[in-house]
Amino acid sequence: MESSRLVAAGKRLRLGVMASGAGSNFEALVAACQADALAANVVQLVVNNPGCGAAQRAQRLGIPCQLIDHRLQPSREALDAALVDCLQEQGVDLVVMAGWMRIVTPVLIAAFPSRLLNIHPSLLPSFKGLDGVGQALAAGVTLTGCTAHLVNEAVDSGEILIQAAVPVRVDDDHARLRARIQQQEHQILPAAVALLAQRLVDQG
Ligand code: GAR
């Protein structure tokens with residue numbers, strides 16, 4: 001991780017994270033920031049599911065967490081507009097979708113051009129969409145993995161930043177394979193944030 005340490009003209013990046021579930025990737029980002037492997041701070045978590053694991057981790061870690069429940073929003077665009085308001089209010093530089101299980105719209109994508117990342121549990125372009133782990137098992141592949149990529153308007157189709165390969169073992173079930181993929185996600189997601197941040201610095 002040291003090699004991907006971000007030196008951004010002395011400025012620590014302000015990260016926003018969006019999560020729907022357990023939040024292990026969110027916590028990996030916070031840990032990378034705290035260990036100074038990433039010259040950034042997670043300044044805001046947004047969750048859409050009340051009481052989800054990510055929200056509980058935020059409380060334990062002392063990271064501000066905002067609930068924006070998609071069930072209370074009239075449309076995907078309204079949900080994304082509320083996300084943009086919250087993240088912009090906190091002056092966020094980059095946004096990471098760390099297990100965000102909603103399809104996003106141009107409202108969010110246009111607010112953070114080339115600054116919106118996603119982590120997906122497959123070697124894209126294979127197994128886009130829901131349950132990338134289950135899709136890989138059903139297809140019988142012997143190699144799968146995870147991908148950190150930019151978000152564009154087509155699901156799981158933006159520019160790939162970093163991937164990690166994970167062999168599928170003959171005795172794998174969904175939980176075992178998912179756990180090994182997630183170990184890799186926790187490595188490549190902070191590295192992808194550093195890569196993207198450095199690119200933004202280089203571009204001026
Ligand atoms: C991660 O494995 C991530 O790849 C996946 O959700 C999990 C969230 O875990 N995301 C997707 O499937 C998006 N299509 P976490 O809440 O423990 O970080």
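Numbering starts at 1 and runs along the sequence shown. Counting convention: from 1, in listed order, for ligands and their atoms alike.
Annotation for Q90: atom CD counts as buried by contact number, over 12 foreign heavy atoms lying within 6.0 Å.
Judged by distance alone, the side chains of N49 and S20 never bring a donor and an acceptor atom under 3.5 Å apart. Looking at D202 and Q198, their side chains do bring a donor and an acceptor atom within 3.5 Å of each other. When only modelled atom types and interatomic distance are considered, K128 and S122 share no side-chain donor-acceptor pair under 3.5 Å.
For ligand 1, none of its N or O atoms has an N or O atom of R178 under 3.5 Å away. Residue G99 has no nitrogen or oxygen atom sitting less than 3.5 Å from a nitrogen or oxygen atom of ligand 1, judged on distance alone. Looking at ligand 1, you won't find any N or O of N118 less than 3.5 Å from one of its N or O atoms. For a threshold of 3.5 Å applied to N or O pairs, the pair formed by D156 and ligand 1 contains no separation below that value. At under 3.5 Å, not a single nitrogen or oxygen of W100, backbone or side chain, sits near a nitrogen or oxygen of ligand 1.
Of the protein's heavy atoms, I119 O, 3.6 Å lies nearest to atom 10 (N) of ligand 1. Nearest protein neighbour of atom 14 (N) of ligand 1, counting heavy atoms only, is H120 ND1, 3.3 Å. Shortest contact from atom 7 (C) of ligand 1 to any protein heavy atom: Q182 NE2, 3.6 Å. In terms of protein heavy-atom proximity, atom 12 (O) of ligand 1 is closest to P121 CD, 3.4 Å. The protein heavy atom nearest to atom 1 (C) of ligand 1 is E185 OE1, 3.2 Å.
Nearest to atom 15 (P) of ligand 1 by heavy atom, out of A179, A98, S24, is S24.
Residue contacts with ligand 1: M101 is included, with a non-hydrogen atom under 4.0 Å away. The closest approach between any non-hydrogen atom of A54 and ligand 1 is not below 4.0 Å.
R169 meets the side chain to side chain contact (heavy atoms under 4.5 Å, CB included) test with D171, D172, R180; sequence neighbours excluded.
Between the CG atom of D80 and the CG atom of D85 there is a distance of 11.0 Å, given to the nearest 0.5 Å.
The G23 neighbourhood of ligand 1 comprises atoms 15 (P), 16 (O), 17 (O), 18 (O), with distances under 4.0 Å to a heavy atom of that residue.
A salt bridge does not link E77 to R102: none of the charged side-chain nitrogens sits closer than 4.0 Å to a carboxylate oxygen.
Grouping Ile, Leu, Val, Met, Phe, Trp and Tyr by side-chain contacts under 4.5 Å, direct or through others, puts M101 with L130.
Using modelled atom types, no side-chain atom of R14 and backbone atom of V92 make a donor-acceptor pair closer than 3.5 Å.
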